[in-house]
Structures are given as C-alpha cells and as structure tokens.
2 protein chains.
Amino acid sequence: MTRRDEAIDAAERTLEREGLPAVTMRRLADELGIRAPSLYKHLAGKGEILTALQDRALARMATALAAAGNDLGGLAGAYRQWALLHPRLYELSARYPLDRDHLTPGAEDAAAAPLIRAAGGNIAAARALWGLAHGLVDLELAGRFPPGADITAAWDYAIRALGEFPPPVGTASD
Amino acid sequence: MTRRDEAIDAAERTLEREGLPAVTMRRLADELGIRAPSLYKHLAGKGEILTALQDRALARMATALAAAGNDLGGLAGAYRQWALLHPRLYELSARYPLDRDHLTPGAEDAAAAPLIRAAGGNIAAARALWGLAHGLVDLELAGRFPPGADITAAWDYAIRALGEFPPPVGTASD
DNA sequence: ACCTGAACACCGTTCAAGT
DNA sequence: ACCTGAACACCGTTCAAGT
C-alpha cells in the first residue's frame with residue numbers, strides 16, 4: 001500500500017470516528033508516524049484526500065444501490081441505510097462540490113445509475129427521487145427532526161407518492 | 001444597535017459574500033474596528049454568532065413560506081427561491097444541528113408551519129415535502145446536478161407526484 | 001526518494017492589564 | 001464597562017536541509 005493510500009485510509013477512519021474537523025494534515029501524519037510536511041511528497045494537499053474520500057463514497061454507494069435492485073422502496077431503504085452507517089462519509093460525498101477532474105471516471109454516473117433505472121429512465125423522476133432521499137437523510141443526520149419523529153413514515157409516504165405517480169416509476173423501461 | 005448585533009450583521013454579510021471559512025472572529029472584529037478578544041465581552045463565542053444566524057434564517061424562511069400561501073407549487077417555489085437568494089445562510093440553517101436552547105422560541109415551528117399547513121396537517125407528508133425541497137436545494141447549491149440540468153423539471157415532477165397522492169396534499173384541512 | 005525542523009500566515013479563545 | 005497585547009494550542013502549506 002502506498003503512503004497516499006495509507007493517508008486516505010487514516011483520513012477515512014478519523015473522519016468517521018471523530019468528524020471532519022479532526023481530519024487534519026498533522027493528525028494524518030501522526031497516524032502514519034511521520035511529520036505533516038512529509039505528506040506533501042505523496043499528495044498535493046488536503047483537497048486531494050477529501051476528493052479521494054468522495055470517490056470512495058460514490059463507488060460504495062453505487063455498489064449498495066445496485067444490490068438493492070429496482071424496487072423503489074428497497075432502493076430508498078438501501079440509500080438511507082448506507083448513509084446512516086457512514087454518516088460523515090455520506091455528508092462529505094453529498095454536500096460539497098465534486099472535483100470532477102480528479103474523480104474516477106464514471107464514479108458519479110455509477111452512483112446515479114440505480115436511481116435512473118428505478119425511475120424507468122425518466123431523468124426528472126430520478127432527480128426527484130435523489131433529492132428526496134438526500135434531503136431526508138441529510139436532515140436526519142443533522143438532527144433536524146424532533147426527537148422521536150417517525151422518519152420512516154415520511155419515507156414511506158414519499159416513496160408511495162412517487163411510486164404511484166405516472167409516468168410509471170418503480171418499473172424499468174427495458 | 002448593540003455590539004452583539006453589529007457582530008452578527010457583519011457575520012451575515014461576510015458569510016453570504018465570502019463563505020463560511022471567511023467568518024472568523026478576527027475578521028468580524030476588524031469589521032467593527034476592534035480586536036478579536038474584545039468580542040468575547042459581548043458574545044460567548046463563535047457558536048453564539050452562528051446560532052444567531054440560524055435563528056435569522058429560520059425567521060426569514062418562515063416569512064417567505066407563509067407569504068407563498070397553501071399551494072404546493074408556490075410553496076416549493078418560495079422555498080427554492082429563498083435558498084438560492086441566500087445560499088450560504090440557507091446551508092448554515094439547514095445542514096447543521098440547531099442549538100435549540102438558544103434559538104428564539106418557536107422559530108423552528110414557525111418555519112415548519114407553512115409546510116404542515118400545505119400538507120393538510122399530515123406530518124409524514126409535510127416531512128416528505130421538506131425532505132424533497134431541502135434535498136433538491138442542497139444538491140443544487142452544492143453544484144451536484146450536471147451543468148445545464150433541468151432542475152425545474154425535477155421539482156415539477158416531484159411536486160405533482162406529492163400533490164396527486166392521497167391523502168390529499170395541497171389542500172388545507174381547515 | 002523520503003523525511004525533517006523551522007517558518008509563515010492563519011485559527012478560537014483566555015487573561016492580565018490598561019482606560 | 002470596554003478594549004488591548006500577549007499568549008496558548010492549534011491550522012495548511014512551503015522550503016531548505018538532511019539521509
């Protein structure tokens with residue numbers, strides 16, 4: 001494993017365990033047993049590390065969503081579950097601009113594909129579904145619903161509304 | 001105007017013009033013509049300033065949404081418009097936990113009320129609507145849709161789906 | 001090729017001291 | 001009552017120097 005990969009692994013662990021503010025160059029260097037300036041021999045800077053984490057998140061989200069199949073409810077459940085299992089990584093991947101020139105080519109499309117498929121190829125419907133899933137997850141992660149709120153009921157309501165709306169959503173067009 | 005209010009005003013201007021990283025205690029002090037340590041005679045710390053900005057955002061959002069009336073499309077349009085006009089303030093108010101003990105009492109409820117009303121009092125429906133609006137806005141502000149994407153089409157699709165789904169949404173129950 | 005210490009220009013915050 | 005300089009424990013990053 002390269003030093004670059006070691007640094008990104010350390011960043012992921014620190015991000016998920018202690019949050020984004022804990023991910024500092026000095027901390028990552030410590031984790032590798034070197035000094036912060038040495039990191040710059042292996043990476044351009046902190047931005048490259050964060051972009052690499054976004055890249056990882058997109059790839060894993062793509063895998064999780066693809067495994068959920070074409071059922072709208074199952075897909076929504078997989079989206080929410082992945083985000084709740086990796087909350088800081090999810091936020092990093094969904095709330096900040098992507099440095100598209102430095103992502104794995106196709107990473108964004110791969111994550112979007114299961115949503116577009118479930119929406120029967122209707123792009124507006126796929127974006128509505130994405131917006132809904134991202135919004136509900138983001139508000140939940142930010143603790144914005146009242147304690148004890150039935151968040152699952154909101155998901156169920158929304159997914160049923162989208163699922164019953166024509167043009168048919170939840171059935172692949174092919 | 002108190003020094004506290006002056007600091008919060010300066011924070012709002014700096015936030016919206018230059019982004020959250022530019023909102024530093026030293027910068028705000030500069031704006032008031034004093035040194036950073038002096039701010040602590042008027043405020044507990046930076047957290048109090050950010051909470052005050054969240055409070056302002058909730059109040060203004062409440063006003064904007066209440067003025068939009070009960071039509072689901074109009075409400076969604078008002079939500080999106082407010083967010084796009086004050087993007088950094090919107091993000092600050094929607095993506096971070098609220099220090100509820102230090103918000104104006106009822107601020108959160110006031111912002112939520114127009115959504116609940118438009119959803120005919122159905123809380124699950126109101127949360128679905130909120131999640132949808134927040135998600136679409138948040139992704140748009142983060143530049144996550146492809147350049148030239150027809151974001152309005154996604155809003156229209158989603159609002160029509162929610163509007164046609166029983167129990168009726170878009171008609172107040174009273 | 002890889003790592004280092006020292007440095008630069010920053011942070012938020014505390015505190016003794018001045019008026 | 002209000003403001004200050006100095007300080008503390010941090011940041012990301014650069015760079016000359018060491019091996």
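Note on naming: letters A, B, ... go to the chains in the order of the sequence lines (proteins, then strands), and numbering restarts at 1 for each one.
With a 3.5 Å ceiling on both atom-pair distances, the Watson-Crick or G-U wobble partner of D:dA1 is C:dT19.
Hydrophobic cluster membership is shared by B:L129 and A:I151, with clusters built from Ile, Leu, Val, Met, Phe, Trp and Tyr side chains linked at under 4.5 angstrom.
Among the heavy atoms of the strands lying under 4.0 Å from A:K46 are primed sugar atoms or P, OP1, OP2 only; no base atom is included.
Between the side chain of A:R26 and the base of D:dG12, a donor-acceptor pair under 3.5 Å is found.
Atom-to-atom, CG of A:L39 to C1' of D:dC11 comes out at 14 Å; the value is rounded to the nearest Å. The distance from atom CD1 of A:I34 to atom P of C:dC3 is 5 Å, rounded to the nearest whole Å. The CG-P distance, from B:D30 to D:dC3, rounds to 14 Å in whole Å. Regarding B:L43, its CG atom lies at a distance of 13 Å from the P atom of C:dG12, rounded to whole Å. Between B:R35 atom CZ and C:dC11 atom P the separation is 14 Å, expressed in whole Å. Taking atom CE on A:M25 and atom C1' on D:dG12, their separation rounds to 7 Å, with Å as the unit.
Using a 3.5 Å distance cut-off with no hydrogens or angles, the side chains of B:R80 and B:T152 do pair a donor with an acceptor.
Note: A:H134 and B:H134 have parallel aromatic rings, judged against thresholds of 30 and 60 degrees for the angle between ring planes.
B:R3 has a side-chain polar atom (N or O) that falls below the 4.0 Å cut-off from OP1 or OP2 of D:dC3. At the phosphate of C:dC2, neither OP1 nor OP2 sits under 4.0 Å from any side-chain N or O atom of A:S38. Residue A:H42 places none of its side-chain N or O atoms closer than 4.0 Å to OP1 or OP2 of C:dA1.
Figure legend: cation-pi geometry between A:R88 and A:Y96 absent, as NZ or CZ is not positioned both under 6.0 Å from the six-membered ring centre and within 45° of its axis.
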